[in-house]
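The figures here come from the full heavy-atom set of this structure, side chains too, leaving out hydrogens, waters and symmetry mates. Given the structure is predicted, the values throughout are model-derived calculations rather than measurements.
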Amino acid sequence: MYLVKVYVTFKKGILDPQGVTIQGALEALDYKSVRDVRTGKYMELRLEAPTAEAAREQAEEMARRLLANPVIEDYRLEVEEAQA
């Protein structure tokens, strides 16, 4: 059993309205040092796979086909062994 952590974020240059809103709210709270806020999604997948590399390959395909929009989003994966 493997735990795959999937981080999805907007690609550079893609407008992130939620990030802009959060930055504005932080500035309103007097956090003037924040220069940029980028938001994204975080998902955890628990996969049965024979190896960590096989788990990564499965998750890579899932991310490419469903979890992220490759036109506007980037993703990265972290794979670790998990308890069953």
Side-chain angles (χ1 to χ4, degrees):
M1 175 80 72
Y2 291 92
L3 171 63
V4 181
K5 298 175 181 177
V6 183
Y7 302 87
V8 179
T9 56
F10 288 110
K11 290 182 174 183
K12 282 190 168 186
I14 299 294
L15 180 64
D16 180 354
Q18 187 175 15
V20 171
T21 300
I22 292 169
Q23 182 177 0
L26 290 170
E27 288 175 2
L29 292 172
D30 213 26
Y31 294 103
K32 304 292 186 195
S33 62
V34 178
R35 296 292 177 248
D36 190 30
V37 176
R38 302 293 287 175
T39 62
K41 297 179 277 189
Y42 170 73
M43 291 162 263
E44 291 184 349
L45 309 173
R46 292 185 185 277
L47 302 177
E48 291 286 348
T51 64
E53 188 54 36
R56 177 177 294 280
E57 288 175 7
Q58 286 182 46
E60 177 84 27
E61 182 178 331
M62 292 174 199
R64 192 176 57 251
R65 295 184 68 199
L66 177 70
L67 304 177
N69 178 344
V71 175
I72 61 170
E73 295 173 323
D74 289 324
Y75 61 87
R76 68 181 173 87
L77 308 172
E78 294 178 5
V79 180
E80 60 187 61
E81 286 192 41
Q83 300 294 326

Mind checking the [atom1]-[atom2] spacing from [X] to [Y]? Nearest 0.5 Å is all I need.
{"X": "L3", "Y": "E78", "atom1": "CG", "atom2": "CD", "value": "9.0 Å"}
{"X": "Q58", "Y": "L77", "atom1": "CD", "atom2": "CG", "value": "12.0 Å"}
{"X": "Y2", "Y": "T51", "atom1": "OH", "atom2": "OG1", "value": "6.0 Å"}

Qualifying salt bridge (Lys or Arg N to Asp or Glu O under 4.0 Å) pairs with a residue from [range], counting only residues at least two apart or across chains:
{"range": "residues 57-68", "value": "E61-R65"}
{"range": "residues 5-25", "value": "K5-E80"}
{"range": "residues 37-53", "value": "K41-E73"}

Contacts table for residues 17-24: side-chain donor-acceptor under 3.5 angstrom, sequence neighbours left out:
from: T21; atom 1: OG1; to: P17; atom 2: O; distance (Å): 3.0
from: Q23; atom 1: NE2; to: E27; atom 2: OE2; distance (Å): 3.4
from: Q23; atom 1: NE2; to: V34; atom 2: O; distance (Å): 3.3
from: Q23; atom 1: NE2; to: R35; atom 2: O; distance (Å): 3.2

(request) Report yes or no: do V71 and L66 belong to one cluster of Ile/Leu/Val/Met/Phe/Trp/Tyr joined by side chain heavy-atom distances under 4.5 Å? (result)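 Cluster IDs for V71 and L66 differ.
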
(request) Kindly write out the residues that satisfy side chain to side chain contact (heavy atoms under 4.5 Å, CB included) with A25, not counting sequence neighbours, or none if the list is empty. (result)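 For A25 there are no side chain to side chain contact (heavy atoms under 4.5 Å, CB included) partners, ignoring immediate neighbours.
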
(request) Can you see which heavy atom on A55 is nearest to which on V79, and at what distance? (result)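 What the structure gives for the nearest pair is CB-CG1, 4.3 Å.
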
(message) Which heavy atom of V8 sits nearest to which heavy atom of L67, and what is that distance?
(response)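 Heavy atoms only, the tightest pair is CG2-O, 3.9 Å.
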
(message) By the ring-ring contact (aromatic ring centres under 6.0 Å, His included) test, which pairs, at least two apart or in different chains, include something from residues 11-60?
(response)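 Only Y7-Y42 qualify under ring-ring contact (aromatic ring centres under 6.0 Å, His included).
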
